[in-house]
Amino acid sequence: MSTVFIALQANEETRPIIDAIELDNPRAVVHRQPAMVKIDAPDELVIRKQTIEEQLGRAFDLQELQINLITLSGNVDEDDETLTLRWNS
Amino acid sequence: MDMKVEKKKLNLKDKYKLLTRDLGWEPSYRSKDEIYPYVKYEGLKVHDWDKWEDPFRLTMDAYWKYQAEKERKFYAIIDAHTQNNGHLNITDARYLTALKIFLQAISPGEYAAHKGFARAGREFAGVGTQVACQMQAIDELRHAQTQIHAMSNYNRYYNGFHAFADARDRIWYTSVARSFFDDSMSAGPFEFMIAIGFSFEYVLTNLLFVPFMSGAAYNGDMATVTFGFSAQSDEARHMTLGLECIKFMLEQDPDNLPIVQAWIDKWFWRGFRVLGLVSTMMDYMLPKRVMSWREAWEIYGVENGGALFRDLARYGIRPPKGWDDAEKAIDHMSHQLMLGLYQWSFGTAFHSWIPSDEDMDWLSAKYPATFDKHYRPRWNHIKKLAAAGTPYKNFGLAKLCQCCQLPIVFTEPDDPTMLCNRETTYKGEKYHFCSDGCQDVFEHEPEKYIQAWLPMPALFQDQQGDIGAWMDWVSLKDGTDNGDYAGSEDQRNFQQWRGLATSNQ
Amino acid sequence: MPVTAIREYVGVPRDPAANFHGKQLVYVSWDRHLLFAAPFLICLPPETPFRELVEGPLKALMSPDPDAAAVDWSRVEWLKSNQPWTPDFDASLAANGIGHKDQLRLRTPGPNSLSPAA
């Protein structure tokens with residue numbers, strides 16, 4: 001098992017995004033640190049546009065994540081609907 | 001009646017295709033070798049440049065939109081910080097030492113990376129690569145500018161910030177970071193990508209930025225949190241580019257594996273040495289500490305680096321050659337380097353200090369196997385010398401490593417009581433190294449490293465050993481910028497201004 | 001190839017002896033005495049007698065160590081370029097075969113107050 005992670009700035013914009021990530025990834029562990037939130041998950045983490053939009057109550061372009069992204073780990077694949085982080089091991 | 005029809009939007013993959021790869025063309029009257037003269041000499045074989053794709057599929061139009069938003073957020077906070085005397089909200093002016101090192105050594109590295117990516121974007125033959133490098137070149141320039149801008153507010157009140165550009169070019173400890181970037185920029189475009197895109201951005205940048213920015217948040221430095229996170233939001237893209245780049249090289253041709261592995265070995269070790277400065281910051285320089293260097297290494301080195309190299313094992317890549325030596329150094333390096341920074345603090349454009357008993361107890365808890373045994377006795381002796389009115393200054397200067405340019409402060413991997421002495425003779429000249437890792441780098445390309453400008457020998461060539469003349473040359477104000485924090489002007493001013501801000505006296 | 005380059009490439013060393021105004025560099029360190037963070041860099045003319053190197057800069061630089069005064073210089077073991085070696089205190093650096101940028105190490109059998117007990 002390898003851990004993938006994503007870290008986002010802790011602010012009002014990311015609060016619903018983090019909630020959405022937790023909903024979509026039951027195995028994810030959320031660490032709240034000063035000014036940032038780091039989310040770890042075993043092997044894979046999936047971020048879905050639809051879930052974020054439900055939490056946010058407005059349309060959301062996944063590329064908006066770029067603004068509040070701090071760091072991530074794992075192979076990235078992004079299309080219109082999902083952003084996936086994955087280790088192949 | 002007109003119906004308002006929503007404009008049909010291209011999906012991400014089609015948009016990426018149209019706005020990157022389709023911008024390229026086949027040359028008709030010049031050969032590709034003439035247009036891209038530097039893509040072959042490193043020995044890398046590339047058969048299909050179109051296999052290089054940015055997994056974020058970021059196109060220039062979206063790039064400008066999101067970067068503009070990041071800038072707006074950044075300047076809103078910088079303005080607030082300036083207007084509200086944000087410099088008085090930090091825990092303690094000792095914290096500024098970390099910022100001074102950052103400004104003198106790391107921000108110029110951002111600028112160097114900007115130049116390197118602008119060049120790599122021109123030299124690579126594939127459009128996806130060119131666009132990604134162009135974005136990263138602009139990012140790196142933005143990082144240098146926002147960092148300098150954010151820290152200029154501290155320069156209005158505190159010493160040691162005023163001549164960062166001279167420090168970058170001339171002072172001794174900055175040459176560690178500078179030589180790292182100069183080495184990468186004077187390599188070919190593929191090696192540059194491994195050096196900066198993969199080794200620095202992917203393997204090591206988390207160890208630099210994440211603890212640094214959390215450290216800033218812990219220590220009440222809003223300006224740094226802001227430039228840090230603003231820059232870091234780009235780093236996720238850079239890391240991804242670095243990882244994609246290495247996979248691309250390995251997938252293009254099996255002959256690329258040994259070349260790529262050798263670069264990983266080299267650049268992991270070079271990056272690890274640069275992080276020596278970061279280890280001192282985490283363990284010694286933050287008045288309120290986030291986590292120890294050891295703890296950060298566990299998360300971002302062992303766990304994350306481990307995951308990465310397990311993933312790359314499918315291509316035949318193994319962990320970097322210096323990995324085990326790095327692990328052995330983790331519990332020693334910050335202490336060894338900090339003892340050096342303290343005893344040479346007459347030559348640093350930042351303050352250092354003897355750790356308090358409370359600091360030493362923290363270090364002992366974080367480094368139970370090493371601190372009390374090896375390092376507390378040395379600090380206690382230094383404390384005794386200071387109490388006797390003879391504070392320890394080591395005017396013996398130091399032997400520097402020909403490769404990483406750090407003073408040779410590190411011990412043998414398996415014997416923390418013996419300095420690591422490595423040397424070789426090349427064309428009749430003697431060269432010294434701090435480690436097997438640095439000696440290996442030299443032996444592989446000696447003609448490159450014999451040219452290294454080593455600041456301490458240079459002091460005897462150019463200023464004939466006159467430290468006062470050297471201080472003038474590096475724009476270091478003796479008695480103001482350097483030396484112990486205790487009794488410094490920074491300490492006096494911070495205490496006085498904070499007093500004014502919290503009382504009516 | 002001693003450097004990866006598009007054509008033959010020869011570097012110019014930065015620190016040859018000729019650049020040091022008639023002097024040379026000598027690096028000296030005291031084994032297992034790590035109050036001193038790194039080997040000392042000492043710059044002096046090759047004609048300097050070895051005794052002067054020891055009595056002058058070296059003793060001064062070593063003095064902050066609590067064991068410095070107790071060193072019995074007649075019993076010091078020396079290494080040059082990591083090999084055992086015996087200096088002639090009355091001969092010059094050059095006559096002792098100490099070249100530019102050579103590293104000398106000394107080992108003392110006496111106490112080591114700041115080092116953990118073996």
Side-chain angles (χ1 to χ4, degrees), chain B residues 37-38 41-43 187-188 191 336-337 339-344 373-374 377-378 380-382 385 390 392 394-400 406-409 411 416-419 421-423 426-432 444-454 456-458 460-461 464-465, chain C residues 1-44 57-58 60-66 79 81-82 99-105 112-118:
Chain B
Y38 302 113
Y41 82 92
E42 298 172 275
E191 186 180 343
Q336 294 173 347
L337 187 51
L339 278 156
L341 292 178
Y342 181 80
Q343 59 196 253
W344 298 307
K373 187 174 174 191
H374 297 285
R378 291 179 220 169
N380 280 341
H381 183 66
I382 287 172
L385 291 175
T390 51
Y392 182 35
N394 182 352
F395 288 109
L397 305 186
K399 183 171 80 164
L400 304 181
L406 275 164
I408 296 188
V409 297
T411 47
T417 67
M418 278 298 288
L419 278 184
N421 287 291
R422 297 286 182 277
E423 61 175 69
Y426 179 75
K427 292 187 176 174
E429 284 286 323
K430 191 148 267 190
Y431 299 97
H432 298 271
H444 188 63
E445 291 187 287
E447 290 293 332
K448 188 170 193 175
Y449 299 97
I450 59 173
Q451 303 171 71
W453 179 82
L454 297 180
M456 297 213 185
F460 289 91
Q461 289 189 36
Q464 305 218 23
Chain C
M1 194 157 49
V3 68
T4 306
I6 48 176
R7 62 182 73 89
E8 199 192 331
Y9 183 97
V10 179
V12 179
R14 279 273 187 169
D15 297 322
N19 294 1
F20 287 82
H21 316 282
K23 296 182 181 174
Q24 68 169 81
L25 299 183
V26 184
Y27 298 114
V28 190
S29 58
W30 186 2
D31 272 10
R32 301 191 199 275
H33 285 255
L34 293 174
L35 174 68
F36 315 112
F40 304 124
L41 178 160
I42 299 170
C43 184
L44 64 196
L58 188 56
L61 290 169
M62 284 168 59
S63 66
D65 188 292
L79 291 96
S81 296
N82 302 322
H100 177 51
K101 293 187 278 183
D102 268 357
Q103 163 81 51
L104 308 179
R105 290 162 56 188
N112 193 345
S113 316
L114 298 181
S115 190

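Predicted model only: the values in this text are computed from it and were never measured. Labels below follow one simple rule: chain letters A, B, ... track the order of the sequence lines, proteins then strands, and each chain is numbered from 1.
Between chain C and the options B:Gly43, B:Gly340, B:Pro457, B:Pro377, heavy-atom pairs under 4.5 Å are most frequent for B:Pro457. Taking B:Tyr38, B:Trp344, B:Tyr449, B:Tyr426 one by one and counting their heavy-atom pairs under 4.5 Å with chain C, the maximum is reached by B:Trp344. Here B:Asn394 is the residue among B:Asn394, B:Leu400, B:Leu397 with the most heavy-atom pairs under 4.5 Å with chain C. Considering only heavy-atom pairs separated by less than 4.5 Å from chain C, the leading option among B:Lys448, B:Glu423, B:Gln451, B:Gln336 is B:Gln451. For the set B:Lys427, B:Glu42, B:Glu191, B:His432, the entry with the most heavy-atom pairs within less than 4.5 Å of chain C is B:His432. In terms of heavy-atom pairs under 4.5 angstrom with chain B, the leader among C:Gln103, C:Arg32, C:Lys23, C:Arg105 is C:Arg32. Counting heavy-atom pairs closer than 4.5 Å to chain C, the top residue among B:Gly465, B:Gly188, B:Ala452, B:Pro407 is B:Ala452. Chosen from C:Leu34, C:Asp15, C:Leu61, the residue pairing most often with chain B at heavy-atom distances under 4.5 Å is C:Leu34.
Residue C:Ala37 comes nearest to B:Leu339 through the heavy atom pair CB-C, 4.3 Å, listed as atom of the first residue, atom of the second, then distance. In this structure, B:Tyr431 and C:Pro13 approach most closely via the heavy-atom pair OH-CB, 3.5 Å.
C:His21 places a side-chain N or O within 3.5 Å of a backbone atom of B:Gln461 that can act as its donor or acceptor partner. One N or O on the side chain of C:Asp102 and one on the backbone of C:Gly99 form a donor-acceptor pair closer than 3.5 Å. Side-chain N or O atoms of C:Gln24 include none that pairs as donor or acceptor with a backbone N or O of C:Ala17 at under 3.5 Å. Judged purely by atom type and a 3.5 angstrom limit, B:Lys430 has no side-chain atom pairing as donor or acceptor with the backbone of C:Lys101.
There is no contact between C:Pro57 and chain B, counting heavy-atom distances below 4.5 Å. Of the two parts of B:Tyr342, neither the backbone nor the side chain holds a non-hydrogen atom closer than 4.5 Å to a non-hydrogen atom of chain C. The contact between C:His100 and chain B is made by backbone and side chain atoms together, counting heavy-atom distances below 4.5 Å. For a residue to count as touching a neighbouring chain, one of its non-hydrogen atoms must lie under 4.5 Å from one of that chain's; by this rule B:Ile408 touches chain C with backbone and side chain alike. Both the backbone and the side chain of C:Val10 come within contact range of chain B, judged by heavy atoms closer than 4.5 Å. Heavy atoms of C:Tyr9 lying under 4.5 Å from chain B belong to its backbone as well as its side chain. For chain B, the nearby parts of C:Ser81 are the backbone and the side chain; heavy atoms of each come within less than 4.5 Å. With a 4.5 Å cut-off on non-hydrogen atoms, B:Gln343 touches chain C through its side chain but not through its backbone. Using a 4.5 Å cut-off between heavy atoms, B:Thr390 makes no contact with chain C at all. Of the two parts of B:Phe460, the backbone and the side chain both hold a non-hydrogen atom closer than 4.5 Å to a non-hydrogen atom of chain C.
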### Message
Please determine whether side chain to side chain contact (heavy atoms under 4.5 Å, CB included) holds for the pair B:Tyr392 and B:His381, giving the CA-CA distance in whole Å, both sets of side-chain angles, and the decisive distance to 0.1 Å.
### Response
CA-CA 9 Å; B:Tyr392 182 35; B:His381 183 66; over 6 Å; no
#### Entry: CA sep, side-chain torsions, deciding dist, call: C:Val3, B:Glu445, side chain to side chain contact (heavy atoms under 4.5 Å, CB included)
CA-CA 4 Å; C:Val3 68; B:Glu445 291 187 287; 3.5 Å; yes
### Message
Working note: B:Arg422 + C:Asn82, criterion side chain to side chain contact (heavy atoms under 4.5 Å, CB included); need CA distance, chi angles, decisive distance, verdict.
### Response
CA-CA 9 Å; B:Arg422 297 286 182 277; C:Asn82 302 322; over 6 Å; no
### Task
Report the C-alpha separation of C:Leu25 and B:Lys399 in whole Å, then their side-chain angles, then the decisive distance to 0.1 Å, and conclude whether the side chain to side chain contact (heavy atoms under 4.5 Å, CB included) test is met.
CA-CA 10 Å; C:Leu25 299 183; B:Lys399 183 171 80 164; over 6 Å; no
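Side chains of B:Pro37 and C:Ile6 form no contact here, defined as non-hydrogen atoms less than 4.5 Å apart.
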